[in-house]
Amino acid sequence: MRDLIEAGIEFRVYLASWHAWINKKLGGNMDKIKEAAEHFKHAFIACGIPKEKVRFIEPEEEYKEISYWEKVLAVSKELTIARALRTVEIMGRKQADALHVSDLIYTPMQVADIFQFDIDICQLGMDQRKANVVAREIGEKIGFWKPICVHTHLLQGLATPPIWPLPSDPTAQKEVLASIKMSKSKPDTCIFIYDSPEEIKRKMSNAFCPAKETKFNPVLDIAKNIVFREKEVFEIKRAERFGGDLQFESYESLEKAFADGKLHPADLKLATADVLIDVLTPVREYFEKNEDAKWTLEMMNKFAITR
Amino acid sequence: MDVETRMELIKRAPTEEIIGEEELRQKLENEEKLVAYNGFEPSGN
């Protein structure tokens with residue numbers, strides 16, 4: 001998001017509370033979902049999204065327009081039930097879990113959103129690509145345009161995969177990989193932006209990080225997608241007897257050293273944790289100092305306990 | 001900011017794939033005003 005904004009692209013953040021409601025998030029309780037939306041706004045700002053440069057969109061202002069629902073129907077008319085079912089992975093669900101008609105309306109609504117909000121570029125996670133591909137395929141046909149899709153990587157979860165080594169069959173492998181993304185419903189698989197330094201250290205030191213493994217390695221994944229975004233040089237402290245400190249100027253050089261066994265997983269984990277702590281310190285401070293943000297975080301923690 | 005720099009910003013990690021990269025470059029070259037979005041389901045911890 002920050003990169004697109006820096007590149008001079010106008011950015012809108014959609015707080016998809018109606019989608020959360022369909023997807024039964026927070027027990028499908030709209031009051032709680034609205035609280036979560038406020039919390040999310042704070043989270044984006046805390047992470048350095050410039051407040052004056054993004055527009056937060058809430059469904060109520062857009063969905064009261066009949067033209068929106070016309071778009072939902074226009075999309076639905078181009079989408080077979082079979083294909084709509086295949087897109088339910090954008091809800092983080094399997095086809096067999098799509099039991100209600102509302103589950104099939106989710107994708108048409110998401111595609112209609114793109115045209116309702118005048119979006120040229122859909123920057124969403126890789127898990128959302130099926131909806132964006134539908135938008136590209138049918139956009140022009142229903143009188144709109146072909147949006148560009150910029151799909152972002154989803155961080156690998158920190159836990160050990162249920163099957164290791166990963167199955168070689170591509171379909172089976174895809175299934176295992178999809179099941180081990182960072183997920184906030186499994187707190188030990190992910191780093192929360194407001195985790196304390198101790199929590200970050202604990203989670204990172206327990207993270208799955210087999211020596212020399214570079215393909216599926218959540219710690220290297222963080223190094224690639226976060227550390228080298230934030231740091232020109234990644235410094236890894238190491239005792240003299242283990243070879244002394246290391247410095248890497250690119251992800252590729254780090255990956256190579258790790259693959260060659262010149263860098264021990266424990267040292268990589270610790271150094272990565274240190275960078276995460278450094279990057280997330282202002283975020284945690286924002287949630288401590290901003291009373292409104294702090295309150296939304298307390299509400300979220302309360303919702304988690306009473307769930 | 002020139003088109004190449006803007007493209008590099010858009011392509012850097014965590015971007016994993018761009019569908020319609022040439023269309024994007026064309027729009028940047030034409031200096032079109034572009035709007036992007038990301039959407040999230042507000043949910044709990």
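Atom set for the values below is all heavy atoms of this structure, side chains included, hydrogens, waters and symmetry mates excluded. Protein chains get the first letters and strands the later ones, always in sequence-line order, with residue 1 at the start of each.
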Taking [atom1] in [X] as the centre, count heavy atoms belonging to other residues, nucleotides or ligands within less than 6.0 Å. Is the count above 12?
X	atom1	answer
A:Glu140	CD	yes
B:Glu32	CD	yes
A:Lys294	NZ	no

Look at [options] and state which one has the largest set of heavy-atom pairs under 4.5 Å with chain B.
options	result
A:Gln128, A:Arg129, A:Met300	A:Arg129
A:Arg136, A:Lys224, A:Lys25, A:Arg55	A:Arg136
A:Met1, A:Met299, A:Arg229	A:Arg229

Residue pairs passing the side chain to side chain donor-acceptor pair (under 3.5 Å) test where at least one lies in residues 33-43 of chain A, sequence neighbours excluded:
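As it turns out, the side chain to side chain donor-acceptor pair (under 3.5 Å) pairs with a partner in residues 33-43 of chain A, which skip direct neighbours, are A:Ser17-A:Lys34, A:Lys34-A:Glu60, A:Glu38-A:Lys41, A:His39-A:Tyr194, A:His39-A:Thr296, A:Lys41-A:Glu58, A:His42-A:Tyr286, A:His42-A:Asp292.
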Looking only at non-hydrogen atoms, find the nearest pair between A:Ala131 and A:Val111 and report the distance.
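Residues A:Ala131 and A:Val111, closest heavy atoms: O-CG2, 3.5 Å.
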Looking at every non-hydrogen atom in both residues, tell me the closest pair between A:Glu62 and A:Phe117 and how far apart they are.
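Closest approach of A:Glu62 to A:Phe117, heavy atoms only: CG-CE2, 3.3 Å.
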Proximal component of [X], with respect to chain B [non-hydrogen, under 4.5 Å]:
X	value
A:Val133	side chain
A:Ile119	both
A:Phe11	both
A:Tyr251	neither

Does a donor on one side chain sit under 3.5 Å from an acceptor on the other, for A:His151 and B:Glu17?
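There is such a pair between these side chains.
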I'd like to know if the side chain of A:His153 pairs up with that of A:Asp221 as donor and acceptor (distance under 3.5 Å, no hydrogens or angles considered).
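Yes, because at least one side-chain N or O of A:His153 sits under 3.5 Å from a partner of the opposite role on A:Asp221.
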Looking at chain A, which one of [options] has the largest number of heavy-atom pairs inside 4.5 Å, strictly under?
options	value
B:Asn38, B:Ile18, B:Thr15, B:Thr5	B:Asn38
B:Glu21, B:Arg12, B:Glu23	B:Arg12
B:Ala13, B:Pro42, B:Ser43	B:Pro42

Per-residue contact mode, B:Lys33 against chain A (heavy atom under 4.5 angstrom):
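Both parts, backbone and side chain.
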